[in-house]
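Below is one structure, written out as C-alpha cells; the observations come after it.
Residue indices begin at 1 and follow the sequence shown.
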Amino acid sequence: MPFGINKMFSFILTCIINCLLKLLLKFEAPEAKLERTEGVLLKSCKRFYQEKFVTVEENVCIRTVIFNPGVPNRPPLVLLHGLNTGLCSFLHSVKRLSRNCTVYAIDLPGFARSSKPQISGDVDEIERKYVRWLEVWRQNLAIEKCFLLGHDFGGYIATLYTLAHPWRVCQLTLYEPWGFPILPFGMTDRSPNKNSIEHSKFFPTWLNKLDTVFHCVRRLNFVYAIFCFYCRQIQSFFQMITHPCKFLQDLFKRPEAWFHYKTLCQEAQNSSGKSAYSRLSVLNVWARYPLIRRINSLDDRVPITFIFGSKSWFDHRSAYEVKCSRSNQDSVSVHIIEGEGKEAIHTENPREFEYIILQKLCSYEEEQDEGWIEDDWISCDYSEDETYNAI
C-alpha cells in the first residue's frame, strides 16, 4: 500500500476513534464529568496544589484541595463555597490569596465531589452536623487556627463554626453570606434568644403552612429532573440522526469550563445538599433561625469582615446591623465593591476583592508582630494573568 494512502487511512481511523470517544463522553455520568472538569480548572490555576478526601465520619468524606501547602508560622485560609457550586468557585482568586499562606478549598458535605450523606433532622441537628464535620476536618488536617472565608451558604456554615469554636478562627470573612436577614415587615421577633420562643410560634401560622406546601411541591422536582434528562438524551440522539454535521460540531465544541462546572455541580448534588438547605430555610430564601439573632454571642476579639457587591441581591443592611450591635464596633468592617451585578463580585472585580482579604491577612500578621510583608501583587497586570483568563 502506498505511503500516502496508508497515512490517509491512519488519519481517518484516528478521526473515527476520536469521534467515538467524544460520543461516549457525551453520555458520561455527571460525577465523572465533574471530576474531569474540576481537573481542567485546577490545572489552569497554575499553582501547586495537593488534593485529598478527608474522612470526618463513617461514609462522610470532604473533598479538599490544598494550595501552596506547608507555609510555616502563618494560619491558613479556609474557603467555604456557596450554594450550587464547589471549591473551584474561588479559583479566580486563589492564585494570589495563596501567595503568602496555605489555602484550603473544600466541597461541603452534600455538594460537588464530597460525600452525599442523608442530612435529616431539625434545624439544630443539621447545624450541629455541619459544625462537627468541619471541626473533625480541622483536627484531621492538624490546623491550629485559620482565617475562615465563607460565601453564600458557606458564610452561614462559617458563622456557625465560629460561634461554636471562636478560638480556632483568626478572622471571619463573610462574602455575601446567606442566613443573616430576618423576614421583613415585622413577621418575626428580633429577640437575640431564639430559645425563648417556641419553634412553632417563631413564624406566623400562614407562613408555616405556605412553607409546607412549597416543600411538598419541591419533592416532585426529581420527576421533572428525570424528564429533562431523558429529553436531552433523546434530543441528542435525534440530532445525531437528522443533523449529523451539526451534531459533530457541537460534539467537538469545547464548552466554557467554569459554566460547565457550575452546571455539573448542580447535577451531582442529588438531593443531599439541597435537602439540608431546604430544611434550614423558609421558602428557600430566609433562614429559619437567622444569624442576626445569634451573632451577638460571638466574642468581640474575633474580627468580622463583610463583603458585598454593590448590585448584589444579598441584603447588606444586616451587616451594618451586626456592626451597630457589637460592643466593639471596630471589630466589624463592611465593604461594598462596585460592580455590574451580572457575575459574582470576586470574578467581576477580583482586584478589589483580593485586596480586601489580603489586607486583613496583613493586619492580623502585624498585630502578631510576625512581619507579614505585602507582595507586589497589587501592581500585577490582570490582562496578562493566565489563571483569570483561562477560567
Side-chain angles (χ1 to χ4, degrees), residues 80-86 89 107-112 114 116-131 133-134 150-164 174-192 194-195 197-222 224-225 262 265-266 269-295 306 308 312-319 321-322 344:
L80 305 184
H81 63 82
L83 194 66
N84 293 331
T85 184
S89 60
D107 288 330
L108 291 169
F111 295 88
S114 285
K116 311 294 188 301
Q118 291 299 321
I119 304 175
S120 58
D122 58 11
V123 174
D124 290 329
E125 185 178 350
I126 294 173
E127 290 181 350
R128 283 195 297 269
K129 281 183 179 179
Y130 271 103
V131 171
W133 287 335
L134 202 55
H151 175 223
D152 191 2
F153 184 66
Y156 184 84
I157 301 301
T159 306
L160 293 176
Y161 179 82
T162 307
L163 287 170
L174 301 173
Y175 164 41
E176 295 184 343
W178 173 80
F180 273 85
I182 291 182
L183 286 170
F185 313 120
M187 286 193 289
T188 57
D189 191 349
R190 302 182 76 83
S191 167
K194 73 178 178 70
N195 295 322
I197 305 173
E198 294 181 18
H199 293 180
S200 59
K201 297 181 180 179
F202 185 67
F203 297 111
T205 304
W206 66 267
L207 189 61
N208 281 320
K209 292 182 178 179
L210 180 62
D211 184 62
T212 302
V213 173
F214 175 79
H215 284 95
C216 287
V217 173
R218 280 188 60 84
R219 287 172 186 168
L220 300 176
N221 273 4
F222 76 96
Y224 175 73
K262 289 193 291 185
C265 281
Q266 296 181 34
Q269 255 178 236
N270 296 329
S271 61
S272 184
K274 284 187 177 178
S275 174
Y277 175 77
S278 296
R279 291 175 180 273
L280 293 170
S281 65
V282 177
L283 301 179
N284 275 20
V285 178
W286 294 283
R288 289 190 176 275
Y289 300 149
L291 294 172
I292 193 73
R293 306 171 75 240
R294 297 184 267 177
I295 197 67
F306 288 92
F308 294 91
S312 170
W313 69 272
F314 287 90
D315 186 4
H316 61 267
R317 291 173 295 179
S318 56
E321 189 172 346
V322 171

Please report the shortest heavy-atom distance between [X] and [Y], naming the atom on each side.
| X | Y | answer |
| --- | --- | --- |
| R294 | Y289 | NH2-O, 2.6 Å |
| V285 | S281 | N-CB, 4.3 Å |
| G82 | D152 | CA-CB, 3.6 Å |
| G110 | P117 | N-CD, 4.0 Å |
| L280 | E127 | CD2-CG, 3.9 Å |
| P181 | W286 | O-CD1, 4.1 Å |

Reported [atom1]-to-[atom2] distance for the pair [X] and [Y], which is rounded to 0.5 angstrom:
| X | Y | atom1 | atom2 | result |
| --- | --- | --- | --- | --- |
| L174 | T159 | CG | OG1 | 4.0 Å |
| I119 | K129 | CD1 | NZ | 7.0 Å |
| F306 | Y175 | CZ | OH | 15.0 Å |
| F180 | L291 | CZ | CG | 4.5 Å |
| R288 | D122 | CZ | CG | 10.5 Å |
| I157 | L80 | CD1 | CG | 8.0 Å |

Do [X] and [Y] have side chains that approach each other closer than 4.5 Å (heavy atoms only, starting at C-beta)?
| X | Y | result |
| --- | --- | --- |
| L108 | W133 | no |
| P177 | F314 | no |
| N84 | F153 | no |

As a test of understanding, state which of L134, V131, I126 forms a side-chain contact (heavy atoms from CB on, under 4.5 Å) with L160. V131
With sequence neighbours excluded, what pairs up with W178 under the ring-ring contact (aromatic ring centres under 6.0 Å, His included) test? Y156, Y277
By side chain to side chain donor-acceptor pair (under 3.5 Å) - contacts of S312 (at least two apart): E176
Test salt bridge (charged side-chain N to carboxylate O under 4.0 Å, His left out) applied to R128 - qualifying residues, sequence neighbours left out: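 Salt bridge (charged side-chain N to carboxylate O under 4.0 Å, His left out) check on R128 returns nothing, list empty.
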Is there a donor-acceptor contact under 3.5 Å from the side chain of Y130 to the main chain of P109? yes
D107: which residues meet the side-chain contact (heavy atoms from CB on, under 4.5 Å) condition with it, sequence neighbours left out? E38, R63, H81, L87, A112, R113, S114, Y261
